[in-house]
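The next block holds one structure in the form of structure tokens; read it before the comments.
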Amino acid sequence: MTQQFSDTIAAIATPPGRGGVAIVRISGNQLDSLIYGLLRRTLLPRQALYIPFHAENGEAIDHGIAIHFPAPHSYTGDDVLELHCHGNPLLTHRLLQRAMELGARLAQPGEFTQRAFLNGKLDLVQAEAIADLINGTTELAIRSAQRSLEGNFSKHINSMAQSLIELRIQVEAKLDFSDEDIMVMDYESMEQRIDHILQTHNTLLEQARLGVILRDGYAIVLAGKPNSGKSSLLNCLSGKDSAIVTDIPGTTRDVLREPIQIDGMPLHVIDTAGLRQTDHPIESEGIRRAQIEMEKADRILIIIDANSPSSDNIDIELPANIPISRIYNKIDLTSLKPGLKKEGNITTLYISTKTGAGLTELREHLKQAAGFHAEGDDIFIARRRHLQALQNSIDYLHEAKGECNVHNDELLAECLRQAQEALGEITGKVTADDMLGHIFSMFCLGK
Ligand SMILES: Nc1nc2c(ncn2[C@@H]2O[C@H](COP(=O)(O)OP(=O)(O)OP(=O)(O)O)[C@@H](O)[C@H]2O)c(=O)[nH]1
Ligand SMILES: [Mg+2]
């Protein structure tokens with residue numbers, strides 16, 4: 001055990017403010033003297049006891065429930081003491097103060113979970129899932145975080161890493177014992193193995209993409225010419241009058257975002273200034289901001305006034321790599337029918353924000369575009385850093401295939417090692433200290 005986490009940390013684990021009960025949590029390598037100082041007695045492991053919590057002069061700060069979880073059977077893997085007191089901030093602060101008099105220091109945000117990780121109680125994916133479980137905004141996001149916490153995501157990563165290890169053993173054996181007559185896999189079989197590992201990577205990457213949407217929300221930007229009905233659509237989708245709607249072109253100047261959900265899928269709907277050539281400094285700034293939002297979007301909905309034929313040629317360049325759907329609005333003023341049309345890669349929808357026609361099809365389209373299905377039994381929560389690491393591993397595996405083709409064992413071994421290392425970054429088996437610091441600092445206090 002390192003000095004870094006052998007000191008004692010303490011924090012209020014419940015949210016700030018008043019409530020029925022509040023919990024002060026203390027974790028350290030050796031809590032016996034702290035327990036004796038606070039409770040004037042010893043505790044049996046994991047047994048709740050209603051007793052006074054003492055100040056230095058023997059006076060009771062409060063009466064409450066104390067539970068001792070001796071190492072290693074605790075959340076952090078160290079000794080943990082939980083004090084359940086009455087939920088008054090003055091009491092919790094006095095208890096915290098008392099714990100510090102007895103040698104504890106204030107915990108950093110996420111430090112309890114960081115210790116659990118460092119003590120091998122959970123891997124990095126599971127630690128992140130705890131933060132996502134606390135912050136989840138839809139039931140599906142919560143269930144998916146629970147799946148990650150139970151190890152569904154880590155299990156896939158570990159099994160892929162295991163396949164890579166088995167392959168690396170073959171290649172390393174060939175390198176180390178090149179003079180000896182040992183049986184190793186031929187290049188064709190190795191390539192087949194790499195292909196199989198690549199397949200599992202790609203399937204997992206798709207699942208993880210959905211997990212990222214569940215955590216971060218699918219960002220759709222409403223863009224188009226002034227007066228086409230972008231703000232009206234934002235109001236329809238969010239079910240409230242968030243944006244100002246008028247018949248004056250150029251009404252919206254600023255970026256406006258509303259969080260919504262469709263069958264448990266979280267979305268950010270982003271309304272922007274109408275796109276047109278203009279010399280007006282405020283409107284130009286609005287258009288510049290619209291362009292920034294479009295570049296960051298998961299999908300852009302181009303809103304077109306179906307009653308104004310010139311409305312569909314936007315004379316502003318759109319980002320090339322973001323998928324687009326074309327939405328003809330105001331069909332109530334035309335003879336067009338509501339619904340969806342697909343031509344090649346381009347999806348066109350016909351709607352009216354005034355009558356609500358075509359909005360069900362639009363919601364369904366957004367779900368499908370995100371690859372989302374409502375049951376979500378196999379979705380686990382994931383983060384963008386996981387996607388990046390998976391993609392890095394895939395890239396190294398492609399390189400490995402190339403080296404396999406030219407029979408370069410040394411470079412093949414190196415590519416496979418790098419692929420395995422990229423996977424290790426996901427579960428925290430290979431992770432730089434500064435990245436760990438960043439991940440755990442995103443937690444709330446007391447967790
Ligand atoms: N008939 C009809 N009118 C609509 C529909 N949707 C929007 N409008 C009207 O079109 C006008 C412009 O609507 P907005 O939602 O403000 O349009 P916008 O695209 O946000 O406009 P800017 O903010 O100026 O870029 C308003 O008068 C709306 O009432 C529709 O489906 N049918
Ligand atoms: Mg508007």
Side-chain angles (χ1 to χ4, degrees), residues 1-16 19 21-35 38-39 42-49 51 53 64-85 87 92 95-96 98-100 102-136 142-155 380-381 427-429 431 436-447:
M1 192 166 293
T2 66
Q3 183 57 35
Q4 189 206 345
F5 55 104
S6 62
D7 58 350
T8 301
I9 54 171
I12 301 164
T14 36
V21 178
I23 299 174
V24 173
R25 197 188 235 176
I26 302 162
S27 174
N29 198 6
Q30 240 311 330
L31 291 188
D32 289 351
S33 65
L34 184 142
I35 289 175
L38 244 166
L39 309 173
T42 54
L43 293 173
L44 288 172
R46 290 173 297 284
Q47 280 195 17
L49 203 64
I51 41 172
F53 307 148
I65 293 191
I67 313 173
H68 181 208
F69 302 87
H73 305 293
S74 70
Y75 178 68
T76 58
D78 286 348
D79 269 0
V80 169
L81 174 69
E82 272 187 17
L83 302 171
H84 299 217
C85 64
T92 46
L95 273 180
L96 201 57
R98 180 74 184 121
M100 292 198 285
L102 293 164
R105 66 164 170 83
L106 268 187
Q108 302 287 328
E111 204 173 357
F112 287 88
T113 310
Q114 185 169 18
R115 286 192 176 190
F117 167 71
L118 294 170
N119 279 328
K121 298 290 284 188
L122 26 82
D123 68 26
L124 204 47
V125 169
Q126 291 171 309
E128 288 168 319
I130 289 176
D132 295 336
L133 185 58
I134 293 169
N135 294 319
I142 289 172
R143 267 192 282 135
S144 306
Q146 282 166 336
R147 261 179 236 122
S148 286
L149 179 56
E150 283 158 18
N152 282 19
F153 187 15
S154 315
K155 187 179 72 194
F380 43 77
I381 215 99
T427 48
K429 294 214 165 95
T431 309
L436 284 183
H438 175 74
I439 289 170
F440 287 106
S441 68
M442 300 309 210
F443 278 65
C444 46
L445 263 175
K447 199 63 214 174

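From a predicted model like this one, the values you see are computed outputs, not experimental measurements. The figures that follow rest on heavy atoms only: side chains count, while hydrogens, waters and symmetry mates do not.
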For Leu39 and Leu49, run side chain to side chain contact (heavy atoms under 4.5 Å, CB included): C-alpha distance rounded to whole Å, both residues' side-chain angles, the deciding distance at 0.1 Å, then the answer.
CA-CA 11 Å; Leu39 309 173; Leu49 203 64; over 6 Å; no
Working for side chain to side chain contact (heavy atoms under 4.5 Å, CB included), residues Leu106 and Leu96:
CA-CA 8 Å; Leu106 268 187; Leu96 201 57; 3.5 Å; yes
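Nearest heavy-atom pair, Ser148 versus Ile381, reported as atom, atom and distance to 0.1 Å: OG-O, 2.9 Å. Contact record, Pro70 with Asp79: CA-OD1, 3.2 Å, taken as the closest heavy-atom pair. Of all non-hydrogen atoms in Ala71 and Gly77, the two that sit nearest each other are CB-O, 3.3 Å.
Thr113 OG1 to Ile134 CD1: the interatomic distance, rounded to the nearest 0.5 Å, is 7.0 Å. Note: Leu149 CG to Gln146 CD = 8.0 Å, rounded to the nearest 0.5 Å. One distance of note links CZ of Phe153 with OG1 of Thr427; it measures 9.5 Å at 0.5 Å rounding. Note that the CZ atom of Arg46 and the NE2 atom of His68 stand 9.0 Å from one another [nearest 0.5 Å]. Between atom CD of residue Glu150 and atom CD of residue Gln126 there is a gap of 9.5 Å, rounded to the nearest 0.5 Å. Taking CG of Asp123 as the reference point, atom CD of Glu128 lies at 9.0 Å (rounded to 0.5 Å).
A cation-pi geometry, defined here as NZ or CZ lying under 6.0 Å from the six-membered ring centre and within 45° of its normal, holds between Arg25 and Phe112.
Within the 4.5 Å cutoff, side-chain heavy atoms of Leu122 are placed close to those of Ile130. Here the side chains of Ile67 and Gln47 are not in contact, with every heavy-atom distance at 4.5 Å or above. Residues Asp78 and Asn119 meet the side-chain proximity criterion, which asks for heavy atoms closer than 4.5 Å. Side chains of Leu38 and Leu95 form a contact here, defined as non-hydrogen atoms less than 4.5 Å apart. Annotation: side chain of Ile26 is in contact with side chain of Leu83 (closest heavy-atom distance under 4.5 Å). The shortest side-chain heavy-atom distance between Cys85 and Thr92 falls under the 4.5 Å cut-off.
Thr76 contributes no side-chain N or O that, together with a main-chain N or O of Arg115, makes up a donor-acceptor pair within less than 3.5 Å. A donor-acceptor pair under 3.5 Å links the side-chain atoms of Gln30 to the main chain of Asp32, judged by distance alone.
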